[in-house]
Amino acid sequence: MEFLKQLGIKEKNYGCSTGQKWLETSAEGELKIYSPTNGKFIASVYQCSEADYEHILEKGVDAFNYWRTVPAPKRGEIVRQIGLKLREFKRPLGTLVSYEMGKSLQEGMGEVQEMIDICDFAVGLSRQLYGHTMASERPMHRMYDQYHPLGVVATISAFNFPVAVWSWNAMLATVCGDSNLWKPSSKVPLSAIATQNIIAQVVKENNLPEGLFNLIIGRGATIGEKLLNDKRIPLISVTGSTKVGRHAGEVVQRRFGRTILELGGNNAIIMTPDADLKMAMPAVVFGAVGTAGQRCTSTRRLIVHESIYDKVKDSLVKAYSGLKIGDPLNEKNHVGPLIDKYAVTAFQKALKEVKEAGGKVIYGGENLSGESYGSGCYVQPAIVEAENNYPIVQEETFAPILYLIKYRGTVTNAIALQNGVVQGLSSSIFTNNMREAEEFLSAAGSDCGIANVNIGTSGAEIGGAFGGEKETGGGRESGSEAWKLYMRLQTNTINYGTQLPLAQGIKFDI
Ligand code: NAD
C-alpha cells in the first residue's frame with residue numbers, strides 16, 4: 001500500500017526509537033497488526049526490551065539537560081517545522097490512522113489536522129510562557145514567579161486517538177523545555193511509528209540530540225510498569241480507561257510524581273422542549289456513532305424532555321436507518337468497525353445487561369457479517385430506551401450504544417440526571433431558552449470538564465483545555481492554561497536593600 005511506503009512502514013518494524021535511531025531488538029516478540037476494517041495483516045512490530053527502556057531513559061534525561069537551556073522561542077521553531085512536516089504527510093498519516101484504528105478517513109485526517117493545530121498553538125505559546133510579578137510586603141524587595149522546564153515527560157496514549165493525543169502533550173512539553181517519551185497503545189503502534197519517522201526528519205535536519213522524542217512500544221505489564229515507577233519521569237500523561245488511569249495515578253503519586261489523567265467519559269446531551277431539533281439531530285447522531293462510539297467524548301446518553309420524547313425517538317430511528325456502515329476509507333460510509341472482537345463482545349454484553357435491567361433496544365444491536373465486511377468488526381449502532389440509574393448505563397461501554405432517557409419537569413431535573421454518573425468529561429444542552437442554557441453552564445449546572453450549548457459532546461477544538469472531572473481523572477491537555485502542567489513553578493524573591501526584614505513582621509535580632 002502506497003501510504004505505508006510513504007510513511008516508512010515496512011513489513012517488520014522496530015518499536016523503540018530515540019528520535020534519531022531505531023533500537024534493533026527482536027527478542028521480545030512481534031506484535032502483529034491487523035486492520036479492523038477488513039481483518040487483513042498490515043505489518044508487525046518488534047517490542048522493546050527492558051534494556052532498550054534503560055537506554056531510552058538515559059537519552060531522554062541527557063536530552064532534557066540540553067533542551068531546558070535552549071531558549072523557548074527556538075524550541076518553538078522546531079515545533080513549527082514539525083507542523084510543516086505533518087502538513088506534508090497529512091493524507092498518508094490520516095489514511096494509516098483510519099486503516100489501523102478503523103475511524104473514517106475524514107476523522108483520520110481530522111486527527112492529523114489536530115496535530116498541526118496544536119503545533120501552531122505551541123509555536124505561539126513558546127513566546128508566552130508567562131509568570132506573574134507580585135507586590136512584596138517588604139520594602140526594597142521584588143517578587144515574581146517563573147515557569148521552568150520539568151524533565152522527561154511521558155505520554156501513554158489510548159488506541160482511539162493513535163496520534164493526536166501524543167501531539168497535544170508532546171508539542172506543549174517540547175516548547176516548555178521537556179524531553180518526550182511516548183508509549184502508544186499496542187493496538188495501533190504503526191501510526192506511532194509513522195509519526196516518529198516524520199519527526200525524525202526534523203530531528204535530523206536540525207541536528208537535534210538523541211532522546212528529545214523517544215518512542216517505546218512494549219507491554220503494559222513490563223515496560224508500562226517500569227515507566228510508572230520511574231523516578232526520572234516527573235510527569236506522566238495517561239489517556240485511557242478509568243481502570244488503567246486509577247492504577248497509574250496511584251503508582252505515580254506514591255513516588256510523588258505527577259499525572260495528567262484523561263480517562264473514560266459517559267457523556268450526555270440534554271434536549272429541552274426549546275431545542276432546535278433540526279440542529280440537534282445531526283449532533284446527536286455524529287456524537288453517538290462517529291468513530292463507532294469509540295471516542296472518549298462520544299454521546300452515550302440522550303436526556304430528552306417528555307413533551308418531545310416521542311418525536312425525538314422517531315427522528316432518531318429514521319436517522320439511524322439511513323446510516324451507511326462499512327469500510328471507513330470509503331468516504332460514503334458513516335460508521336466504521338470496532339477496534340477488535342473484544343470490543344464487539346463488550347457491545348453485546350452491555351446490550352444484554354441493559355435488557356435484563358428493563359431497557360428496550362429500539363434500533364440496531366446486531367453484529368454485521370458478510371462479504372462487504374470481510375473479517376472486520378462491524379456492528380449496527382444501537383438505540384436503547386433506558387433509565388439513568390441502570391448499572392450498565394452508569395458505565396462507559398466503548399461502542400455505539402445510545403441510551404435514550406426521559407426527563408420530566410424543569411431543566412434542573414435533566415442536569416441532575418446528566419451529572420448522575422461517576423464520569424465527568426463532556427456534556428451538552430440543546431435549547432434556545434437562555435435561562436436553561438445559563439443554568440446548565442452555571443456553578444450549579446453541568447459538572448463536566450466540557451459543557452457545550454447547541455453543539456454535541458464530541459469534536460473539541462485544541463484551543464480549549466481538554467479533560468474532565470470525577471473518574472475522568474481531572475487532567476487537562478491541549479489549549480488554554482494546560483501548558484503550566486508541563487513545567488515547574490518557582491517563586492523568586494529578591495532583596496535589593498540593606499536590611500533583612502522578615503515576612504509577617506517577625507522579629508529575630510541577633
Ligand atoms: P486502556 O486503558 O486499555 O489503555 C490505555 C493505555 O494504557 C494503552 O497505551 C495501554 O497500553 C496502557 N496501559 C495499560 N496497562 C498499563 C500499565 N500497567 N502501565 C502502563 N500503561 C498501561 O484504554 P484504551 O482501550 O486504549 O482506550 C479507550 C479508553 O480511553 C476509554 O476509556 C476512553 O474513554 C479513554 N480515552 C479518554 C480520553 C480523554 O481525553 N479523557 C481520550 C481518549 C480515550
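In this chain, numbering begins with 1 at the start of the sequence shown. Counting starts at 1 for both ligands and their atoms, in listed order.
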Structural part of T242 in contact with ligand 1, heavy atom criterion under 4.0 angstrom
neither

Within-cut-off N or O pair, T472 and ligand 1, under 3.5 Å:
no

Per-atom contacts of ligand 1 with P184, taking only distances under 4.0 Å to non-hydrogen atoms:
9 (O)

Kindly confirm or rule out an N or O of E262 lying under 3.5 angstrom from an N or O of ligand 1.
yes

Starting from atom 12 (C) of ligand 1, what is the nearest protein heavy atom, named by residue and atom, and what distance separates them?
I156 CG2, 3.7 Å

Any ion pair linking E262 and R476 (charged N to carboxylate O, less than 4.0 Å)?
no

Just heavy atoms, cut-off under 4.0 Å: does L263 contact ligand 1 by side chain, backbone, both, or neither?
backbone

Looking at ligand 1, is there an atom of it that comes within less than 4.0 Å of some heavy atom belonging to G245?
no

NZ/NE/NH1/NH2 to OD/OE distance under 4.0 Å, R87 and D120
yes

So the atoms of ligand 1 within less than 4.0 Å of a heavy atom of N160 turn out to be 43 (C), 44 (C)

State whether K349 and E353 are salt-bridged, where the test is any N-O pair (Lys NZ or Arg NE/NH1/NH2 against Asp/Glu carboxylate O) under 4.0 Å.
yes

Nearest protein heavy atom with distance in Å, relative to atom 5 (C) of ligand 1:
T239 O, 3.5 Å

State which residue, out of Q196, M171, K183, fulfils the side chain to side chain contact (heavy atoms under 4.5 Å, CB included) condition with W166.
M171

Going by heavy-atom distance to atom 36 (N) of ligand 1, choose the closest among A248, A164, C296, G468.
C296

List the closest protein heavy-atom neighbour of atom 18 (N) of ligand 1: residue, atom name, distance to the nearest 0.1 Å.
E225 OE2, 2.8 Å

Is the number of heavy atoms from other residues, nucleotides or ligands within 6.0 Å of CZ (R255) greater than 12?
yes

Tell me which protein heavy atom sits closest to atom 24 (P) of ligand 1, plus the residue, atom name and distance to 0.1 Å.
F159 CD2, 3.6 Å

Looking at atom 11 (O) of ligand 1, what's its closest protein heavy atom, distance included?
K183 NZ, 2.8 Å

Do the side-chain N and O atoms of S191 and E100 include a donor-acceptor pair separated by under 3.5 angstrom?
yes

S241-ligand 1 polar pair, N/O distance under 3.5 Å:
yes

Residue pair R301 / N388, side-chain donor-acceptor N/O under 3.5 Å
yes

Closest to atom 8 (C) of ligand 1 (heavy atoms only, candidates G240, S157, G220) is S157

Which heavy atom of S237 sits nearest a heavy atom of E477, and at what distance?
OG-OE2, 3.1 Å

Identify, for atom 27 (O) of ligand 1, the protein heavy atom at the shortest distance, and state residue, atom and that distance.
A158 CB, 3.2 Å

Electrostatic pair E471-R246, nearest N-O below 4.0 angstrom
yes

Please classify the E477 to ligand 1 contact at 4.0 Å (heavy-atom distances, strictly less than): side chain, backbone, both or neither.
neither

Taking only non-hydrogen atoms of L228 and a 4.0 Å limit, the atoms of ligand 1 in range are 19 (N)

Just need the protein heavy atom nearest to atom 34 (O) of ligand 1, so name the residue and atom and give the distance.
E396 OE2, 2.5 Å

Determine, for E54 against K226, whether the closest basic-nitrogen to carboxylate-oxygen distance falls under 4.0 angstrom.
yes

Among D230, T222, N214, side chain to side chain donor-acceptor pair (under 3.5 Å) partner for Y53:
D230

Check for me whether the distance between the ring centres of W483 and Y147 falls short of 6.0 Å.
yes

Polar proximity ligand 1 side, H247 side, N/O cut 3.5 Å exclusive
no

Give me the nearest non-hydrogen protein atom to atom 28 (C) of ligand 1 as residue plus atom name, then the distance to 0.1 Å.
F398 CE2, 3.6 Å

Could you tell me, atom by atom, which parts of ligand 1 come under 4.0 Å of a heavy atom of G224?
19 (N), 20 (C)

Do K103 and F161 form a cation-pi contact, if we require the NZ or CZ to be under 6.0 Å from the six-membered ring centre and within 45 degrees of the ring's axis?
yes

